[in-house]
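When a ligand or atom number is given, it counts from 1 through the structure's own listing order. Note that the structure is predicted; figures quoted are calculated from it, not measured.
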Amino acid sequence: MSTPARKPLMAGNWKMNLNHLEAIAHVQKLAFALTEADFERVEVVVLPPFTDLRGVQTLVDADKLRIGYGAQDLSVHDSGAYTGEISGAMLAKLGCKYVLAGHSERRQYHGEDDETVNGKVKAALRHSITPIVCVGEGLPVRREGRHIAFTLDQVDGALKGLSADEAKKIVIAYEPVWAIGTGEVATPKDAQEVCGAIRERLAELYDDEVARTVRILYGGSVKANNIAGIIAQPDVDGGLVGGASLDPVEFVKICRLGEETSG
Ligand SMILES: O=C[C@H](O)COP(=O)(O)O
């Protein structure tokens with residue numbers, strides 16, 4: 001059976017920005033600017049803070065917007081005495097289609113290791129939410145030339161115990177930590193080198209169908225003026241956009257893959 005082509009995914013990770021009122025205004029601006037032709041070509045997703053999700057859900061549902069949404073994190077647990085945590089069940093109830101798992105800022109500031117990330121991936125899948133698994137090396141690892149091995153280890157850890165059917169449902173985002181929020185974008189060749197290696201690893205861990213199905217995003221200082229070269233790479237299927245997703249005009253240009261107008 002042939003595998004359907006991978007539709008590009010542009011996910012805007014707002015991080016800890018935009019309150020619930022700003023979130024509504026922001027999504028309205030995106031909805032106003034993006035056309036049906038844009039949505040046919042690219043899947044557009046926003047990942048706001050938890051407190052914005054209800055407002056975004058209400059707006060998307062009421063106006064039947066084609067913008068998807070999700071969360072930036074979830075608990076490994078489904079319910080219980082875990083103060084401050086948000087479960088996959090809660091996110092699913094809010095209509096979240098996606099959730100980040102193992103973003104480098106969670107790994108760095110909250111000590112998330114591969115085992116935790118693996119638990120979060122499984123928690124998302126239990127509730128039919130697509131985890132966007134974030135992997136990528138820091139500058140010292142890159143300088144030592146170990147970036148591929150390091151990133152593939154994170155992929156192995158995040159996917160541990162997943163069946164091929166489960167693995168097919170995930171998205172992987174390669175985000176070299178040295179390129180996040182620094183303005184230091186990886187070259188298209190850098191992005192392809194690691195995204196291609198991730199796809200090969202999926203074929204080794206599972207099979208060609210899984211490798212062909214899973215979308216692999218690049219993240220790290222993505223902007224309208226550099227997305228075209230990155231998305232042109234054969235193993236890059238979209239972007240995980242941080243800072244630039246906070247400007248609706250810029251994010252729309254990124255969703256148009258850096259081209260001036262939609263087709
Ligand atoms: O999740 C997004 C990434 O951390 C990239 O952030 P950035 O586009 O601000 O570099």
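- Under a 4.0 angstrom heavy-atom cut-off, S221 registers as being in contact with ligand 1.
- Considering both main-chain and side-chain atoms, T182 never comes within under 3.5 Å of ligand 1 through any nitrogen or oxygen pair.
- Contact analysis leaves K223 out of contact with ligand 1, as no non-hydrogen atom separation drops below 4.0 angstrom.
- R66 and E36 are joined by a salt bridge, as a carboxylate oxygen and a charged side-chain nitrogen come within less than 4.0 angstrom of each other.
- Checking each of R6, K7, R215 against D237 for a side chain to side chain donor-acceptor pair (under 3.5 Å) leaves exactly one that passes, namely R6.
- Residue contacts with ligand 1: G243 is placed with a nitrogen or oxygen under 3.5 Å of a nitrogen or oxygen of the ligand (distance criterion only).
- Protein heavy atom closest to atom 5 (C) of ligand 1, with residue, atom name and distance, is E175 OE2, 3.5 Å.
- Listed for the Y69 side chain is no donor-acceptor partner under 3.5 Å among the backbone atoms of Y98.
- Of the protein's non-hydrogen atoms, the one nearest atom 10 (O) of ligand 1 is G181 N, 2.6 Å.
- Geometrically, ligand 1 and G220 share no nitrogen or oxygen pair separated by less than 3.5 Å.
- Using a distance-only test at 3.5 Å, with no hydrogens or angles considered, a donor-acceptor pair links the side chain of K120 to the main chain of L74.
- Classified by interplanar angle (parallel below 30°, tilted 30° to 60°, perpendicular above 60°), the ring pair Y82/H77 is parallel.
- One finds a salt bridge joining D73 and R106 here, because a Lys/Arg side-chain nitrogen approaches an Asp/Glu carboxylate oxygen to under 4.0 Å.
- Contacts of N13 with ligand 1, taken as heavy-atom pairs under 4.0 Å, involve the side chain alone.
- The pair E204-R201 meets the salt-bridge criterion, since a charged nitrogen lies less than 4.0 angstrom from a carboxylate oxygen.
- Listed by atom number, the atoms of ligand 1 under 4.0 Å from H103 heavy atoms are 1 (O), 2 (C), 3 (C), 4 (O).
- Residue contacts with ligand 1 include A179, since one or more of its heavy atoms lies under 4.0 Å from the ligand.
- Nearest protein neighbour of atom 8 (O) of ligand 1, counting heavy atoms only, is G242 N, 2.9 Å.
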